[in-house]
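Atom set for the values below is all heavy atoms of this structure, side chains included, hydrogens, waters and symmetry mates excluded. Here is how names work: the chains are called A, B, and so on, in the same order as the sequence lines, proteins then strands, and each is numbered from 1.
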Amino acid sequence: MTNKPVRVRFAPSPTGPLHIGGVRTALYNYLFAKQHGGKMILRIEDTDQTRFVPGAEQYIIDSLAWCGIQFDESVVNDGPFGPYRQSDRKSLYEQYSDELVASGNAYLAFDTAEELDALRKAAEQEKKTFIYNAETRKSLRNSLNMSKQEVIDRLKDNEPYVVRFLIPEASEVVMNDLIRGQISVRTETLDDKVLFKSDGMPTYHLANIVDDHLMEITHVIRGEEWLPSLPLHVLLYEAFSWEKPEFAHLPLLLKPDGNGKLSKRDGDRLGFPVFPMEWVDPKSGEKSSGYRESGYFADAFINMLALLGWNPGTDQEIFTIDELIAAFSLERVGKSGAKFDPEKTKWFNHQYLVQKSDVVLAEQFMPFLQEKGVEVNPSQVEKVVGLVKERVQFVKELWEESYFFFVAPSSYDEQVVKKRWKENSGAQLTDLAQVIQAVDPFESAAIDEAIKNHITANELSMGAVMNALRLLLVGAAKGPHLGDIMAIIGKEETLKRIENGIKILG
RNA sequence: GCUCCCAUCGUCUAGCCUGGUCAGGACGCCAGGUUUUCAUCCUGGUAACAGGGGUUCAAAUCCCCUUGGGAGUACCA
């Protein structure tokens, strides 16, 4: 490991929304950078102009901001190593491509895409894979097989060409991965990847190495899908005689059912979001749900993601972002893919919801109340939220557990009526209403005491009376302590509900 | 097909490097308890070292094979 200041980058391609696997990669980069007092860089890798999706770059920026992942240098937050969008760095790459050709590490190839396609198809017919390598490159149309003059003539004729990396023959590439340890591959199995495309843009492989070098990236933390191209990247660093960064390839996020990499489609198919924020495809108009819109807290979402593939080695599961920064380490990132569990994500959200103050929750609950046409003062909502927050996972579920604080029951749960409403219930509650009427001040403890005394004095059944009372006040067999409910809705409303209920149920 | 990576409860995982605790925790599920209801909460339970060979007094742990899974295999990233 070097002792240079840590610089890591998250380098997405703006070809669509960022899914949770990408968010996790960004998160691990962020945690690593923060822990080491280093810099976190966002670099947009848009070297493929054919895959440009409008809005994707902004989506990436916005959703990471929602997650609380901040960048020290990015397309919107310029720094000393910019620009941070590869299309804006276009003019930079050709010289490096040329340098590799000049040093004999790369060559020009004039094969057309159609020719190569045909070759691949033919190979496939024989159950083989066409590889542009030592075996085949000698019989293809490239500068290795041409005289200098022929190459010059073709260039003069503006014949399209690509630059391919010349994979060294018969040697072993030995690589180190911070998570997996040493990995080695024989160069015979590698192919001469295109570094520079005929459209004047570099491929990912070239741009990524050049930019990581120029931006002085010290640690490349990326998804495991990049592991197969690590040998190429290592060879590229060696061809340039550049110092390589450390590499860490993160295990993949797998779909909850069956196998395979988690993909866009899985989310709405299985009923949970795969994106941090809602995304509307600009072409099809198709909508994909997001964690933010589904009611997840950003900190709960991040906490859940952090534990998916990494663990602290202790029993702690709830972490603030600062605790994550302090505890994170690449050494404790697992090697195997993790199936994403939507249920546990909800549990995390519940944990965070309960921890939030009543003031904050009331504030977030207000819009839902307004939507229901309920008018209440904030302090009232705070009290209600405090009483019911343990019962829900999401703010939006608060209504279902607390509507009876705001509106009188319009109907009574049939099952409960059957079970709790007896012939004498009406008479008992009429008497009880008298007792309640007399309570002053109208506070939970005082109400409880009055009711208890009344029940004891008259030798009534606590369960029978209270359950019937709950039915009239709530309309169902649910809700917090009855004394608390009555105190909050007030004496007048309490009596009204009792009277009204007796009228209906008899 | 080929190359590379991976393999502990249904899921996330600890334990593996430095062999020797009934293989630990969490989510889920089930049961019991608390409670005037429901939920929370508390207690308990369910459930795993993929298989086979070695090495060793002793293997989840070290080695090999098999099987299974994943990724990559574009002038995409």
Side-chain angles (χ1 to χ4, degrees), chain A residues 11-15 45-48 50-51 86 109 111-113 116-117 120 123-124 126-131 160-164 175 177 179-181 183-186 188-191 193-199 201-205 207-208 223-231 249 251-252 254 256 258-261 304 307-317 332 334-348 350 354 388-392 401 416 419-420 448 451-452 455 461-471 474 476-483:
Chain A
S13 175
T15 54
E45 309 228 322
D46 58 346
T47 51
D48 185 0
T50 64
R51 296 211 307 161
Q86 287 183 331
D111 318 275
T112 65
L116 294 175
D117 270 354
R120 284 197 186 92
E124 212 173 301
E126 296 174 55
K127 281 197 146 190
K128 281 188 197 157
T129 308
F130 169 76
I131 306 179
Y161 69 95
V162 300
V163 175
R164 281 181 183 274
M175 302 153 280
D177 180 276
I179 293 169
R180 282 150 227 285
I183 300 165
S184 58
V185 180
R186 300 284 314 172
E188 296 88 314
T189 66
L190 269 22
D191 60 343
K193 281 272 182 269
V194 172
L195 299 178
F196 204 81
K197 300 184 273 187
S198 57
D199 66 359
M201 283 293 253
T203 60
Y204 165 82
H205 300 295
N208 144 76
E224 192 188 322
E225 68 268 28
W226 293 111
L227 203 49
S229 34
L230 182 57
H249 290 87
L252 262 16
L254 276 16
N259 296 305
K261 193 157 75 153
M304 174 279 294
L307 272 302
L308 214 51
W310 169 83
N311 78 84
T314 67
D315 284 350
Q316 185 178 357
E317 292 204 275
R332 293 204 67 87
K335 294 184 179 73
S336 48
K339 273 186 196 166
F340 171 71
D341 181 6
E343 284 308 311
K344 191 141 188 190
T345 311
K346 290 179 188 165
W347 176 82
F348 271 108
H350 175 252
V354 171
V388 301
K389 67 177 179 182
E390 300 243 319
R391 319 169 161 252
V392 300
E401 298 301 328
V416 182
K419 192 172 170 195
R420 305 293 192 190
D448 285 347
I451 292 178
K452 213 169 140 193
I455 287 173
S461 152
M462 183 70 126
V465 175
M466 295 308 273
N467 283 312
L469 177 59
R470 176 177 298 277
L471 178 63
V474 175
K478 66 175 182 184
H481 186 73
L482 272 182

* Please tell me which of the listed nucleotides, B:A26, B:U11, B:U3, lies nearest to the side chain of A:Trp347? => B:A26

* Mind calculating the distance between CD (A:Glu224) and P (B:G72) to the nearest angstrom? => 10 Å

* Using a cut-off of strictly less than 4.0 Å, decide whether A:Thr47 has a side-chain nitrogen or oxygen near OP1 or OP2 of B:A77. => yes

* **Nearest-nucleotide pick for A:Asp315, side chain only, options being B:G25, B:A77, B:A39** => B:G25

* Name the residue closer to the 5' end of RNA chain B, choosing between A:Glu317 and A:Asp117 according to the nucleotide with the nearest heavy atom. => A:Glu317

* Distance between P atoms of B:U61 and B:C16 (Å, rounded) -> 12 Å

* Which part of the nucleic acid, if any, lies within reach of A:Asp111 when heavy atoms closer than 4.0 Å are counted: base, sugar-phosphate only, or nothing? -> base

* Pairwise P distance, B:U46 and B:G32 [rounded to whole Å] -> 16 Å

* Report the nucleotide, chosen from B:C75, B:U40, B:A71, that has the shortest atom-to-atom distance to any side-chain atom of A:Glu390. => B:U40

* Structure fact -> A:Glu225 CD to B:G70 P, in whole Å, measures 15 Å

* How far, in whole Å, is B:U21 from B:A58 if one measures between their P atoms? -> 14 Å

* To do: With a 3.5 angstrom cut-off on both distances, give the Watson-Crick or G-U wobble partner of B:C17, or none if there isn't one.
  => none

* What is the distance, rounded to the nearest whole Å, between atom CD1 of A:Ile451 and atom P of B:U37? -> 15 Å

* What nucleic acid atoms does A:Val185 come within less than 4.0 Å of, heavy atoms only: base, sugar-phosphate, or nothing? -> sugar-phosphate

* Rounded distance in Å between the P positions of B:G51 and B:G10 -> 13 Å

* **A:Leu227 side chain, from C-beta outward: closest of B:C5, B:U37, B:G72** => B:C5

* Between B:A14 and B:G54, how far is it from one P atom to the other, in whole Å? -> 30 Å

* **Separation of A:Glu317 CD from A:Lys344 NZ (nearest 0.5 Å)** => 4.0 Å

* To do: Describe the nucleic acid contact of A:Lys128 in one word from base, sugar-phosphate, nothing, applying a heavy-atom distance below 4.0 Å.
  => nothing

* Structure fact -> Any strand, both distances under 3.5 Å, Watson-Crick or G-U wobble: B:U37 pairs with none

* Choose from B:G72, B:C4, B:A77 the nucleotide whose nearest atom is closest to any side-chain atom of A:Asp48. => B:A77

* **Whole-angstrom distance between B:G28 and B:A47, as gauged at atom C1'** => 11 Å

* Asked: Using a cut-off of 4.0 Å on non-hydrogen atoms, how would the nucleic acid contact of A:Leu482 be classed: base, sugar-phosphate, or nothing?
  -> base

* **A:Lys261 vs B:G72: side-chain N/O to OP1/OP2 distance below 4.0 Å** => yes

* Structure fact -> Nearest heavy-atom contact between A:Gly334 and A:Ile179 is O-CG2, 3.8 Å

* To do: Mind checking the CE-OG1 spacing from A:Met201 to A:Thr47? Nearest 0.5 Å is all I need.
  => 6.0 Å

* A:Thr129 to A:Ala123 - nearest heavy-atom pair and separation -> C-CB, 4.1 Å

* Asked: When all nucleic acid strands are considered with a 4.0 Å heavy-atom cut-off, which category describes A:Ala338: base, sugar-phosphate, or nothing?
  -> sugar-phosphate

* Between the base of B:C76 and the side chain of A:Arg51, is there a donor-acceptor distance below 3.5 Å? -> yes

* **Nearest-angstrom distance from the residue atom CZ of A:Phe130 to C1' of B:U3** => 17 Å

* To do: Considering only atom C1', compute the distance from B:U3 to B:A50 and round it to an integer number of Å.
  => 24 Å

* Should A:Lys197 be listed as having a side-chain N or O under 4.0 Å from OP1 or OP2 of B:A77? -> yes

* Asked: Can A:Asp48 and A:Lys197 be said to form a side-chain contact (heavy atoms from CB on, under 4.5 Å), step by step?
  -> CA-CA 10 Å; A:Asp48 185 0; A:Lys197 300 184 273 187; 4.2 Å; yes

* Base, sugar-phosphate, or nothing: which does A:Gly309 touch, judged by heavy atoms less than 4.0 Å apart? -> sugar-phosphate

* A:Pro312 and A:Arg332, any side-chain heavy atoms less than 4.5 Å apart -> no

* To do: Would you indicate, yes or no, if B:A74 has its OP1 or OP2 atom less than 4.0 angstrom from a side-chain nitrogen or oxygen of A:Arg120?
  => yes

* Asked: What is the nucleic acid contact for A:Arg420, judged by heavy atoms within less than 4.0 Å: base, sugar-phosphate only, or nothing?
  -> sugar-phosphate

* Structure fact -> RNA chain B nearest-nucleotide lookup for A:Arg180 and A:Leu116: closer to the 5′ end is A:Arg180

* Quick one: does A:Ile183's side chain get under 4.5 Å of A:Leu227's, heavy atoms only? -> yes

* Asked: Checking all strands, does A:Pro12 fall into the base, sugar-phosphate, or nothing category for heavy-atom contacts under 4.0 angstrom?
  -> nothing

* May I ask you to verify if any side-chain N or O of A:Lys419 is less than 4.0 angstrom from the OP1 or OP2 atom of B:U37? => no

* Asked: Phosphate oxygens OP1/OP2 of B:G15: is one of them under 4.0 Å from a side-chain N or O of A:Arg332?
  -> yes

* Structure fact -> pair_partner(B:G44), Watson-Crick or wobble, both distances < 3.5 Å, evaluates to B:C30

* Which listed nucleotide (B:C4, B:C38, B:A77) is nearest to the side chain of A:Lys478? -> B:C38

* Figure out the NZ/C1' separation between A:Lys335 and B:A7, and round it to whole Å. => 11 Å

* **Base paired to B:A7 (Watson-Crick or G-U; both N/O distances under 3.5 angstrom)** => B:U67

* P spacing across the pair B:C64 / B:A7, given as an integer number of angstrom -> 14 Å

* Structure fact -> Testing B:U3, B:G1, B:G70 for proximity to the side chain of A:Leu252, the answer is B:G70

* Asked: What about A:Ser198: does its side chain form a donor-acceptor pair under 3.5 Å with the base of B:C75?
  -> yes

* Is any side-chain N or O of A:Arg391 closer than 4.0 Å to OP1 or OP2 of B:C38? -> no

* **Side chains of A:Ile451 and A:Met466 in contact at under 4.5 Å (non-hydrogen atoms)** => yes

* Touch class at under 4.0 angstrom, heavy-atom based, for A:Thr314 against every strand present -> nothing

* Could you walk me through whether A:Lys389 and A:Glu401 pass the side-chain contact (heavy atoms from CB on, under 4.5 Å) test, one step at a time? => CA-CA 9 Å; A:Lys389 67 177 179 182; A:Glu401 298 301 328; over 6 Å; no

* Asked: To the nearest angstrom, how far is A:Asn208 atom CG from B:C76 atom P?
  -> 15 Å

* Measure from CH2 on A:Trp226 to P on B:A74 and round the result to the nearest Å. => 13 Å

* A:Gly479 near the nucleic acid: base, sugar-phosphate alone, or nothing, with a heavy-atom cut-off under 4.0 Å? -> base

* Asked: The side chain of A:Asn311 lies closest to which of these nucleotides: B:C38, B:A14, B:C4?
  -> B:A14

* How many Å lie between NZ on A:Lys389 and C1' on B:A39, as a whole number? -> 15 Å

* Asked: Does the side chain of A:His249 come within less than 4.5 Å of A:Pro228's, by heavy atoms?
  -> no

